[in-house]
J.: 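There's a structure below that I have some questions on.
The shown structure was predicted, so the numbers you read here are calculated from the model rather than taken from an experiment. Letters go in sequence order (proteins before strands), and every chain restarts at 1.
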Number of protein chains: 2
Amino acid sequence: MDVTPGAQLMPVLGQLIRIIRQTDPSDGVSLVALAVLRRLESEGPGRISELARVERASQPGMTQLVGRLERADLVRRIPDPHDGRGVLVELTDGGREQLARTAAGYAATLDALLSRLDADDRAAVAAAIPALRRLAAVPAGAGGG
Amino acid sequence: MDVTPGAQLMPVLGQLIRIIRQTDPSDGVSLVALAVLRRLESEGPGRISELARVERASQPGMTQLVGRLERADLVRRIPDPHDGRGVLVELTDGGREQLARTAAGYAATLDALLSRLDADDRAAVAAAIPALRRLAAVPAGAGGG
DNA sequence: TATTGTTATACTCTATAACTATA
DNA sequence: TATAGTTATAGAGTATAACAATA
């Protein structure tokens with residue numbers, strides 16, 4: 001067993017996430033919550049089950065998260081006109097503002113960190129971003145090969 | 001406000017962490033727990049307060065995490081011979097084995113994901129790993145420049 | 001007095017199981 | 001029967017405040 005890229009990448013991801021999380025807890029918008037808001041903004045209203053699948057949460061977990069977001073007036077539930085069982089979750093104006101604010105806060109934390117690196121390192125990170133984005137977008141359940 | 005590297009990097013990190021977390025929950029070893037075990041292995045026994053600082057957790061939070069790890073026989077507490085107030089946390093043999101197992105599981109998840117990328121993307125990620133490692137190692141409290 | 005660690009308490013986040021309503 | 005969503009319940013994880021013991 002040698003040191004694979006995955007083995008090197010993993011602790012780094014954990015550490016970065018912990019740094020990000022601790023920087024801006026005042027907003028009260030967790031990373032999953034933020035991901036949901038972001039998705040609602042870019043894709044429009046979405047179903048609970050779809051959000052759960054895409055964000056890799058359980059359906060009850062997503063119900064509860066949406067409940068918290070609704071109580072904070074960041075989203076609202078509207079009935080799905082095409083399926084009486086379903087619910088569409090929609091971003092409110094407040095949710096849109098909160099999304100912008102929180103995302104900017106988290107981004108600023110990372111940019112501050114990046115600013116401590118030298119130019120070569122910054123360039124290496126920037127060059128890897130599209131690849132990392134594709135890495136994160138690998139569909140759920142995709143095994144190795 | 002344009003799209004900074006931090007703004008692009010942030011959602012990717014969140015998504016990757018969620019992927020990693022959901023891949024191998026059976027171990028019961030969280031990412032922070034894993035980071036602590038890893039540190040104990042590489043640096044030897046450490047103080048609660050030191051672990052809390054390095055892993056960016058509160059001191060009570062670290063006490064509780066160490067308590068969970070101790071209950072699972074992954075670490076043990078020994079008195080600090082140089083300071084009656086202090087405690088040294090030490091990895092057990094079981095903890096070392098669990099660390100190897102869990103780290104391998106998480107790494108395999110990431111490597112499987114990486115294997116779905118094309119060669120250029122994989123190279124870009126590999127090239128960025130040292131920079132990302134330095135990014136994650138920026139000391140706590142270091143503001144932007 | 002300051003530091004180290006623990007206990008008490010509360011909250012967020014998430015999961016599984018059981019349930020309701022619609023398809 | 002299958003699917004969409006909710007409720008009930010439990011547990012991990014983490015924080016702040018208050019405390020005990022040692023320096």
J.: Within the 4.0 Å heavy-atom criterion, would you say A:T63 contacts the bases, only the backbone, or no part of the nucleic acid?
T.: base

J.: Under 4.0 Å between any heavy atoms, over every strand shown, what does A:D80 touch: base, sugar-phosphate, or nothing? Just pick one.
T.: nothing

J.: Round to a whole Å and report the spacing from CG of B:L51 to P of C:dT3.
T.: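 Whole-Å distance recorded here is 19 Å.
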
J.: Whole-Å distance between D:dT22 P and B:I48 CD1?
T.: 16 Å

J.: At less than 4.0 Å, is any side-chain N or O atom of B:R56 found next to OP1 or OP2 of D:dT14? Yes or no.
T.: no

J.: Is the number of heavy atoms from other residues, nucleotides or ligands within 6.0 Å of CG (A:D93) greater than 12?
T.: no

J.: If I compare all heavy atoms of A:A7 with all of A:P11, which pair ends up nearest, and what's the gap?
T.: O-CD, 3.2 Å

J.: So what does B:R47 hit on the nucleic acid, given a heavy-atom distance under 4.0 Å: a base, only sugar-phosphate, or nothing?
T.: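 Counting heavy atoms under 4.0 Å across all strands, the contact made by B:R47 is with sugar-phosphate only.
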
J.: Could you give the CZ-to-P distance, from B:R21 to D:dA12, as a whole number of Å?
T.: 15 Å

J.: Find the distance B:I20:CD1 to C:dT14:P and express it as a whole number of Å.
T.: 15 Å

J.: Working to the nearest 0.5 Å, report the span between CZ of A:R56 and CG of A:L51.
T.: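 Answer rounded to 0.5 Å: 14.5 Å.
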
J.: Want to settle it: does A:E50 or A:R18 sit nearer the 5' end of DNA chain D, counting the closest nucleotide to each?
T.: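 Comparing both residues, the 5'-ward one is A:E50.
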
J.: Using the rule side chain to side chain contact (heavy atoms under 4.5 Å, CB included), only one of A:D121, A:V12, A:L114, A:I19 pairs with B:L135; which is it?
T.: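 Result for side chain to side chain contact (heavy atoms under 4.5 Å, CB included) with B:L135: A:L114.
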
J.: By nearest atom, which of the nucleotides D:dG5, D:dA15, C:dT14 is closest to the B:A57 side chain?
T.: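 Given the options D:dG5, D:dA15, C:dT14, the side chain of B:A57 is closest to D:dA15.
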
J.: Starting the side chain at C-beta, find the nucleotide from D:dG13, C:dT4, C:dT6 nearest to B:D83.
T.: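 Of D:dG13, C:dT4, C:dT6, C:dT4 is nearest to the side chain of B:D83.
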
J.: For B:V75 and B:L40, which heavy atoms make the closest approach, and how far apart are they?
T.: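 It is CG1-CD1, 3.8 Å.
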
J.: Does B:R68 put a side-chain nitrogen or oxygen below 4.0 Å from OP1 or OP2 of D:dA12?
T.: no

J.: Looking at C:dG5, I'd like to know if its phosphate oxygens (OP1 or OP2) sit under 4.0 Å from a side-chain N or O belonging to B:S49.
T.: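 The answer is yes; a side-chain N or O of B:S49 sits under 4.0 Å from OP1 or OP2.
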
J.: What's the closest nucleotide to the B:P60 side chain, out of C:dG5, C:dT6, C:dA21?
T.: C:dT6

J.: Just to confirm, is there a sub-4.0 Å distance from OP1 or OP2 of D:dT6 to any side-chain nitrogen or oxygen of A:R77?
T.: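 Yes, because at least one side-chain N or O of A:R77 sits under 4.0 Å from OP1 or OP2 of D:dT6.
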
J.: What is the minimum heavy-atom distance between A:A124 and B:A131, and which atoms define it?
T.: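 Closest approach of A:A124 to B:A131: CB-CB, 4.2 Å.
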
J.: Nearest to the A:Q64 side chain among C:dT14, C:dG5, D:dA23, which nucleotide is it?
T.: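 Minimum distance to the A:Q64 side chain belongs to C:dT14.
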
J.: Output the rounded distance in Å from CE (A:M62) to P (C:dT16).
T.: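 After rounding, the gap between these two atoms is 14 Å.
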
J.: Using atom CD of B:Q59 as one end and atom C1' of C:dT3 as the other, report the distance to the nearest whole Å.
T.: 8 Å

J.: Rounded to whole Å, please give me the gap between CD1 in A:I78 and P in D:dA4.
T.: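 So the two atoms are 17 Å apart, to the nearest Å.
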
J.: Compare the minimum distances between each of C:dA23, D:dA12, C:dA2 and the side chain of B:R85, then state the nucleotide with the smallest one.
T.: C:dA2

J.: State whether A:S58 places a side-chain N or O below 4.0 Å from either non-bridging phosphate oxygen (OP1 or OP2) of C:dT14.
T.: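 No, A:S58 has no side-chain N/O under 4.0 Å of OP1/OP2 on C:dT14.
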
J.: Using whole Å, what does the distance between atom C1' of nucleotide C:dT14 and atom CZ of A:R53 come to?
T.: 19 Å

